2 protein chains.
Amino acid sequence: MATQTAAEQREEARKAFDAYFSQCPSRKLLDRLSDKWVTLVLTALQAGPCRYSDLARRIAGVSQKMLTQTLRVLERDGLVSRTLTPSVPVRVDYELTPLGESLMPLVAAIKSWAEAHIEDVERAREHYDAVNA
Amino acid sequence: MATQTAAEQREEARKAFDAYFSQCPSRKLLDRLSDKWVTLVLTALQAGPCRYSDLARRIAGVSQKMLTQTLRVLERDGLVSRTLTPSVPVRVDYELTPLGESLMPLVAAIKSWAEAHIEDVERAREHYDAVNA
DNA sequence: CGGAATCCCCGAGGATACTG
DNA sequence: CAGTATCCTCGGGGATTCCG
């Protein structure tokens with residue numbers, strides 16, 4: 001019994017931590033933003049409404065699956081709205097909601113820090129790699 | 001020949017996109033921040049220097065492998081400094097660099113948006129799930 | 001104490017094919 | 001046009017073991 005306890009304790013601690021962790025608002029937001037396609041979609045929509053196929057074209061590397069999945073998540077989170085026009089063929093437009101727009105300054109802030117400090121980071125990396133030959 | 005061209009073109013487009021994409025400073029930063037453990041480590045270090053084992057204890061759910069890996073990456077990027085004291089047993093302290101500290105306001109901004117708007121997001125989700133029964 | 005090395009599993013996500 | 005469904009691969013990351 002007791003021999004297993006240590007491992008079990010660690011695992012339970014991890015599970016409890018994960019449970020707590022997944023509730024953290026900052027984490028939820030980071031999980032969204034960090035998704036490879038999310039910021040690209042948001043940025044693409046910043047200029048205004050956009051059709052599905054236009055998004056697919058603008059975001060060159062995306063697969064249909066991931067574009068659709070990303071849009072669904074963003075729609076569910078209330079960051080993007082989906083408007084279906086039942087013409088033939090169907091037409092679907094996506095657009096940032098006010099909530100989605102409120103997120104853009106944060107995206108801009110991230111871009112700003114990145115562009116301001118990326119060279120410092122690059123230099124640090126070169127130095128690190130040089131030292132740890 | 002020509003029958004393969006379409007698929008090949010897509011793949012090459014994706015590769016070219018990935019290559020371009022991986023160069024984007026904002027993406028690099030997001031890739032760092034989005035790492036599950038990075039923000040936790042940075043936040044833990046915000047209060048001041050901290051030993052390896054202290055970090056391991058503070059960040060309850062982390063495995064040694066991921067803690068070490070995270071610290072290595074942060075050190076390489078110049079966001080965290082590592083100080084080794086060759087006593088017996090060895091003692092290692094980690095600390096935010098000025099560059100690392102300059103990142104904290106951004107982390108705070110993320111936290112701020114998350115806490116301010118997470119309820120809107122939750123409501124949007126509930127509504128979405130209710131509509132799409 | 002503070003790691004490095006190895007094994008192994010699981011799930012994110014791309015390719016492909018089909019549909020309203 | 002705008003998806004949905006299925007299959008399959010590839011690598012992130014936990015558990016475990018060993019080292020200075």
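Any value given below was found using the heavy atoms of this structure, including those in side chains, with hydrogens, waters and symmetry copies removed. The structure displayed is predicted, hence computed values, not measured ones. Protein chains get the first letters and strands the later ones, always in sequence-line order, with residue 1 at the start of each.
Applying the salt bridge (Lys or Arg N to Asp or Glu O under 4.0 Å) test to every pair with at least one member in residues 50-59 of chain B, sequence neighbours left out, gives these pairs: D54(B)-R57(B). Legend: salt bridge (Lys or Arg N to Asp or Glu O under 4.0 Å) pairs involving residues 82-92 of chain A, not counting sequence neighbours, sorted by first then second residue: R91(A)-D93(A). For residues 99-116 of chain B, no residue pair satisfies the salt bridge (Lys or Arg N to Asp or Glu O under 4.0 Å) rule, not counting sequence neighbours. Within the structure, every pair that satisfies the ring-ring contact (aromatic ring centres under 6.0 Å, His included) test and touches residues 114-133 of chain B, not counting sequence neighbours, is listed here: W113(B)-H117(B).
Rounded to an integer number of Å, the gap from CG of D31(A) to P of dG13(C) is 11 Å. Rounded to whole Å, atom P of dA12(C) lies 16 Å from atom CG of D35(B). Spacing between atom NZ of K36(B) and atom P of dC10(C) amounts to 16 Å, rounded to whole angstrom units. Look at CZ on R91(A): it is 13 Å from C1' on dA2(D), rounded to the nearest Å. D93(B) has its CG atom 10 Å from the P atom of dG3(C), to the nearest Å.
Considering only residues two or more places apart in sequence or on other chains, F21(B) meets the ring pair (Phe, Tyr, Trp, His ring centres under 6.0 Å) condition with F17(B). Residues satisfying the side-chain hydrogen bond (donor to acceptor under 3.5 Å, both in side chains) test with N132(A), not counting sequence neighbours, are none. For E122(A), the salt bridge (Lys or Arg N to Asp or Glu O under 4.0 Å) partners are K28(B), not counting sequence neighbours. In this structure T39(A) satisfies the side-chain hydrogen bond (donor to acceptor under 3.5 Å, both in side chains) test together with R27(B), sequence neighbours excluded. In this view, V62(B) and W37(B), I59(B), M66(B), L67(B) satisfy the side-chain contact (heavy atoms from CB on, under 4.5 Å) rule, not counting sequence neighbours.
Nearest heavy atom pair, residue S81(B) against residue T97(B), reads N-CG2, 3.7 Å.
Residue R82(B) places none of its side-chain N or O atoms closer than 4.0 Å to OP1 or OP2 of dG2(C).
Residues from residues 46-53 of chain A that place a heavy atom under 4.0 Å from any atom of DNA chain D, listed by number: R51(A), Y52(A), S53(A). Against DNA chain D, the stretch residues 57-78 of chain A makes heavy-atom approaches under 4.0 Å through T68(A), R72(A).
Connection of L99(A) to V131(B) is not established within any shared hydrophobic cluster, with ILVMFWY side chains joined at heavy-atom distances below 4.5 Å, either directly or through further cluster members.
The bend of the helix from dC1(C)-dG20(D) to dG20(C)-dC1(D), defined by the angle between the axes of its first five and last five pairs, stands at 50° to the nearest 10°.
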